[in-house]
Every structure is written in C-alpha cells, then in structure tokens.
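Just so it is clear: chains get the letters A, B, ... in the order the sequence lines come, proteins before strands, and each one is counted from 1. Keep in mind that what you see is a predicted model, and the values were worked out from it rather than measured.
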2 protein chains.
Amino acid sequence: MTVHMELSHDNHDVTGPVRAPLPTVRRLPAYLGLLRKYAVEGALTISSASIAAELGLEPIQVRKDLQITGLSGQPGVGFSVEALIDAIELFLGWDNATDAFIVGAGNLGSALAGYDGFALYGLNIVALFDNDPAKVGTEIHGRPVFHIDRLIDLAWRMHVHLGILAVSSTAAQQAADLMADAGLQAVWNFTPVQLKMTDGIIVEKVDLAASLAVLSNRLATAIKDKRGVHNADE
Amino acid sequence: MTVHMELSHDNHDVTGPVRAPLPTVRRLPAYLGLLRKYAVEGALTISSASIAAELGLEPIQVRKDLQITGLSGQPGVGFSVEALIDAIELFLGWDNATDAFIVGAGNLGSALAGYDGFALYGLNIVALFDNDPAKVGTEIHGRPVFHIDRLIDLAWRMHVHLGILAVSSTAAQQAADLMADAGLQAVWNFTPVQLKMTDGIIVEKVDLAASLAVLSNRLATAIKDKRGVHNADE
DNA sequence: TAGATTGTTAATCGATTAACAATC
DNA sequence: TAGATTGTTAATCGATTAACAATC
C-alpha cells in the first residue's frame, strides 16, 4: 500500500519553480474584478459555473485556473468569495501596494499617473522622471516630477523596484538601461521598442501594435468578407 | 498521376475563413518594424535566421508566421524585404490608413491622440468625442473634440468604422453601446471593462490588468525566491 | 439521501519545434 | 557544384476541454 503525501500548491522542485501558465495568470484579474463585485453585493460563495457564465469562459477552465492560487473549493458549494479574493491577490502580489516610478512625463506618462484604477492592481505611483527642465519640479496628478538624473539615487533611497517606461521610442533603450542601473527589478514597457535587458530584469511589454494587429486583421477580413457577399449578390 | 493545383494563401473554404493563429498575428508588427529598419538601411533580402536572431525567436517560427501573409521566400536567398513589408501591411490592412475616432478626451484619450506612432500602424485619428462642455469645441493634438451626441451623425458622414474607447470604467458600456449605434465595426477598448457587445462588432481589449498581472506575479516570485536564498545562506 | 459542485485523469486541440528534402 | 535557406511533414509541447468519481 502506498501513502500519498498531500502536496497542494507544490510550485517548485529541485530544478526551480514551475511557472504558472501565462494565459491563466492573464485571466486572474478578470476573476478578481468579478469576485470583488460579488463581495460588495454580499455573496459568500461562488461557483465556477457562475464565474464562467459572467466572463464567457468554460467552468472547467475557471477551476483549472483557480487551482494555481492553491485554494480549494468546496464540492457542492463552490468557492469562498473572500478567500478567493485573498488567494488571487496574494498570488499576484497585489495584497500590498507596490511603489512604482514612471519614467517619462509626456502624454502617456502623465495619463498613467492620473489613472486611478492602478490602486485596484496593487500599484502606487510615487513619482515621475523626465529630462525636460520645464517639467522637473512640478507635480502631475499630485506626484512630483524629478529629473531623470535623480533616478538612481531615489530608487535606492525609496526602495522602489518597479519602473513604468513611457518615454519616446528613441529614448527608450537608454532610459531602460538607466532603470537597470538604478536597480529596478522590473520594467513595465509602454514603448513599442523591444528592449535588450540584462538577465534577471523582468520586462513586460504593453504591446499596442500587437493588439492593434489583431483588431486590424479582423477588421480587414470582415470588410473583405462583406465585399465578397456584395459581389455575390450583384 | 495527380495534378495538384497551387492554392497558396488558401484562407477560406465552404465553412468560412481559416483564422490565422492569434500569436502569429500578434508577432507580425515586430517583423514589420524590423523589416522597415532593414529597408531604410538598404537591405534587399533578409533570412528567417536573421529575423529570428534580432527578435529572439526561432527561425522556423518566423517562416511559419510569414506563411500566413501568402508570400514565399527564395531558398538559398531569403525573403524580399520590400515584398515582405507589403505583404504584412496588406494582411493587417495597414497599407491604407484607417480613420478612427477616440471616444473619451480625458487623460488617456488625449495621450492616445498625441501618440504619433499610430501612423506606422495605419491608424489616423480624425476626432475625439466627450461629454464635457469645456472640452467640446477645442482641439487636442490638432484634432477636434466633438460632443458625444454627434458621434452617430459624424461616424456615418465621415465613414469611420473604428472607435477607440478611452472613457472611465463607469461610462464604458454606455459609450460602447453608442459606438455600436453609430455603426462602428470595431472597438479598441482601453477601459478595464469587459464589454457586452452585439455579435458582429469586433472588440479588442488592451488589457493592462492582464499585462500587470504577468509582471506582478513574476516580481512576487522573484522576491520570494530571493528571500528563500537569503534564508538558506544565513 | 439527492443535488450540486469540485478536482482528477484522460482526450483533444492548437501552437511550436525538429528533421529534412527541395530549391535557388 | 557547393552552400544557404526555404517550405513541408511529422513530432513535441502546452493549454483547453471532456468525462466522471469524490465530496459536501
């Protein structure tokens, strides 16, 4: 007879941590948003079927996804809304706010500084950086703008590990290198530039071009299809 | 003996068009950007191996991806830079500029109106819409701001089919419904809201939360790992 | 107990990668 | 011809989905 040890949340072995599937991680914020809505409405539990129905997914996919948080549901009942919120927040590191710098105080940087939704994602913008003397010393959406030369100093002093890159394409790589020198561990890249970074620095790109490509291709196909139907009709 | 008809770019059959793999479509803009750089430098041909090396991909993946454009390379030589640019632009519908409206002239909408990179993606912002009387009648980055009530009228008159949604979360669904009423065929959704749209309207979401989730999870893991090493060392 | 819902195990699906013959 | 590189066919990999026993 064999005894099976229970190894729930067994997220690493000798060779290193087992990476969570990326599509799953990307869906977690949608779950979290829905769960928060349910929590406000006073719901105590929720089933994978209801989550799936609201988000247009399959119940089995919801259950598979939620497993990576390590939380178990109760057969016949569902998942505890509160426990699930906590588990997802913990998994994403959104249980405590993460301080972040915005590098580049132009149109996009300013807009991001003014985006109040970041609080829901555990993100706290503490300052912006720019090389424009006209901007340095001012405040944007209540956050101070410092000269880019002060990035290294202030990153160390304020223990900031995350930088949001929102400069022009031409300045992107140089600014990213400076962020690396400042000891930032992660760069959220809003520029269209494919950054070349030293290993160990986490880079996540908000790829507008990729997103627009999907939209454009579908639109081009839809218009082509419509023309095709037209021709067939006439 | 069987004669095989050549059916390159055979993208649809009786049951409808074969969808191009989404990951492939998302990588096309990166190829396009690199190819344009090569074109400026005067290169006539490029091999899948060089493209792969520059973008950190596998040569075979590059060749597979490029096949959906319908363009063939030349064995022993590579791909024509110019022909490949044209093929990708055509596939994405970026060969002719697409006019677009921005709905929401707040921080984000204004920033998007000022983003000059869109020209490279075949996108032409022609106007913004808002319900704030203080903004209506002004110009943002050279584009007129109209009252949201004029959306339906102007969309028809100007033959605009694409709308960029950049309003607040609370206004998102209502604005999206209006865009549908205005006959827009596609919505590029910059809000965190999961829109409920009638079938046939293309919606592509720029999912900041999903992107940040990937970053946060990696950052949380990295920090946890570091702590683990520390403990083991001490 | 009966009904609801979970988590596991296996099957399917789609994307990536490997091997290599075909071609310039 | 020899070297380089493509496109095809098959193998692998990872994510999604299906079936169902286990559990509340």
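Where B:P75 and A:R27 meet DNA chain D, the nucleotide closest to each residue was compared, and B:P75 sits on the side nearer the 5' end. Between B:G73 and A:G76, it is B:G73 whose nearest contact on DNA chain D lies nearer the 5' terminus. Of the two residues contacting DNA chain C, namely A:V77 and B:L22, the nearest-nucleotide position lying further toward the 5' end is that of A:V77.
In terms of the ring-ring contact (aromatic ring centres under 6.0 Å, His included) criterion, residue partners of B:Y121 (sequence neighbours excluded) are, by chain and number, B:W94. Residues meeting the side-chain contact (heavy atoms from CB on, under 4.5 Å) test with B:T24, sequence neighbours left out: B:P21, B:R27, B:D65, B:I68. For B:W188, the ring-ring contact (aromatic ring centres under 6.0 Å, His included) partners are B:F118, B:F190, not counting sequence neighbours. Residues meeting the ring-ring contact (aromatic ring centres under 6.0 Å, His included) test with A:Y31, sequence neighbours left out: none. Every residue two or more places apart in sequence or in another chain that forms a salt bridge (charged side-chain N to carboxylate O under 4.0 Å, His left out) with A:R218 is listed here: B:E204. For the side-chain contact (heavy atoms from CB on, under 4.5 Å) test, residues two or more places apart in sequence or in another chain that qualify with B:A180 are B:M197, B:I201.
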Dot-bracket for DNA chain D, 5' to 3', Watson-Crick and G-U pairs with both distances under 3.5 Å, [ ] for crossing pairs, | for partner on another strand, reads ..||||||||||||||||||||||
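For residues 43-74 of chain B, the set of pairs meeting the ring pair (Phe, Tyr, Trp, His ring centres under 6.0 Å) definition, not counting sequence neighbours, is empty. Within the structure, the ring pair (Phe, Tyr, Trp, His ring centres under 6.0 Å) test picks out no pair touching residues 44-76 of chain B (sequence neighbours left out).
Looking at every heavy atom in both residues, B:A97 comes nearest to B:N124 through CB-CB, 4.3 Å.
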Can you give me every donor-acceptor pair (side chain of residues 50-57 of chain A, partner residue at least two apart or in another chain, under 3.5 Å) with its distance?
residue	atom	partner	partner atom	Å
A:S50	OG	A:S47	O	3.4
A:S50	OG	A:S47	OG	2.6
A:E54	OE2	A:Y38	OH	3.0

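Of all nucleotides in DNA chain D having an atom under 4.0 Å from a heavy atom of chain A, the first and last in 5' to 3' order are D:dA15 to D:dC24.
Within residues 38-66 of chain B, the residues having any heavy atom closer than 4.0 Å to DNA chain C are, in order of number, B:E58, B:I60, B:Q61, B:K64.
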